[in-house]
Amino acid sequence: MPEGTERELLVNELLRFYVAAAEIDTIMLLLEGESGENYKMALALLLLDQGEISEAIDVVESLSGNSSETQSFSEFFHILVYAAQNEVSISELPQSKIEDLEEIAQIRNIGGYSAQAILSQFYNREFLSIIETDSSLEYRIWNDKKRNSSLKKNLFRIHPVPVIDKLNVSYNLVDEPLFTFTIHSIEGKTWSSVKSPQGRGTITMVTEMLPPGIYILQLSNGSKMIEVQKFIKK
């Protein structure tokens, strides 16, 4: 097995393959040699998406309960379980569950960002804007309304949502001579980047190598960030 990012990509691809093949025993053998809790979180979401609710719950219950990361993910996950077990759409959660999501969304970790994504997509909630600095991505509240509006031009649209193996980006950039679309993880890691010609059109970015989670698609012109949008990778 490779190490670092290559290993993460390979393990996540194997998880997807074995979940689709319903080879739960093989999955458990695979995870025995992996120390990252993120793998189990990804597996739980994959199993839940496949309708394997009890198996998904078992995976989450095996997470270490000593960190806020696993605790908030578990709380977020059980809201998804509630929706699945009660055949409730994510867009039609009861008020108590929405309030639970809002509480989870205050924490900056996988569970928190996942809750933010649902609240933003289905309940029109707004969260901190993502700002690029010289060294990383930061999260700030914009007080300058004029500047804030410049990041909401709706110059591009992403589909399908959530994303599986390909992200289609339809854009209208007549006034932007040179631009680049870049995919970042929610922690600021750059995954891929594509330069596109001026004008209107659609590009496709391959996302099958991305681990499940929340990502940022950034539109930039040189060093200037023009617009950002979140998307979920299943």
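Values reported hereafter were calculated over all heavy atoms of this structure, with side chains retained and with hydrogens, waters and symmetry mates removed.
Within the model, atoms NZ of K97 and CD of E92 stand 16.0 Å from one another, a figure rounded to the nearest 0.5 Å. Here CD1 of I183 is found 6.0 Å from CE of M209. Values are rounded to the nearest 0.5 Å. Rounding to the nearest 0.5 angstrom, the gap separating the CD1 atom in I53 from the CG atom in L48 is 6.0 Å. Note that NZ of K233 and CH2 of W191 are 9.5 Å apart. Values are rounded to the nearest 0.5 Å. Taking CG of L155 as the start and CZ of F179 as the end, the distance is 9.5 Å to the nearest 0.5 Å. To the nearest 0.5 Å, the span separating CD on Q229 from CD on Q218 amounts to 12.0 Å.
Between Y215 and F231, the ring planes lie parallel to each other; the angle is under 30°, not in the 30° to 60° tilted range. Aromatic ring pairs are classed by plane angle as parallel below 30°, tilted from 30° to 60° and perpendicular above 60°; the pair F76 and F73 is tilted.
A side-chain donor-acceptor contact under 3.5 Å links S91 and S89.
Judged by distance alone, with hydrogens and angles left aside, the side-chain atoms of T207 form a donor-acceptor pair with the main-chain N or O of D165 at under 3.5 Å. The backbone N or O of I104 sits nowhere less than 3.5 Å from a side-chain atom of E75 that would complete a donor-acceptor pair.
Between T202 and Y171, the closest heavy-atom pair is N-CE2, 3.8 Å. Nearest heavy-atom pair, G112 versus S72, reported as atom, atom and distance to 0.1 Å: N-OG, 4.4 Å. Contact record, A56 with A44: CB-O, 3.5 Å, taken as the closest heavy-atom pair. When every heavy atom of L101 is checked against every heavy atom of A115, the shortest pair comes out as O-CB, 3.5 Å. Counting all heavy atoms, side chain and backbone alike, Q116 lies closest to A105 at NE2-O, 3.0 Å.
The salt bridge (charged side-chain N to carboxylate O under 4.0 Å, His left out) check on D58 picks up nothing, with sequence neighbours excluded.
In the hydrophobic cluster analysis, where Ile, Leu, Val, Met, Phe, Trp and Tyr join through side-chain heavy atoms closer than 4.5 angstrom, I118 is grouped apart from I107. Hydrophobic clustering places L217 together with L210 (ILVMFWY residues linked when any side-chain heavy atoms are closer than 4.5 Å, directly or through intermediates). When hydrophobic clusters are built by joining Ile, Leu, Val, Met, Phe, Trp and Tyr residues whose side-chain heavy atoms come closer than 4.5 Å, directly or via intermediates, I164 is not grouped with M205.
Looking only at side-chain heavy atoms (C-beta outward), L80 and I90 come within less than 4.5 Å of each other. A 4.5 Å side-chain heavy-atom check between L93 and D100 finds every atom pair outside the cut-off. Contact of the T204 side chain with the L167 side chain is not registered, since no non-hydrogen atoms from C-beta on lie closer than 4.5 Å.
The side-chain contact (heavy atoms from CB on, under 4.5 Å) with M41 is formed by just one residue from the set V59, T70, V60; it is T70.
Within a 6.0 Å radius of CD in E103, other residues, nucleotides and ligands contribute 12 heavy atoms or fewer.
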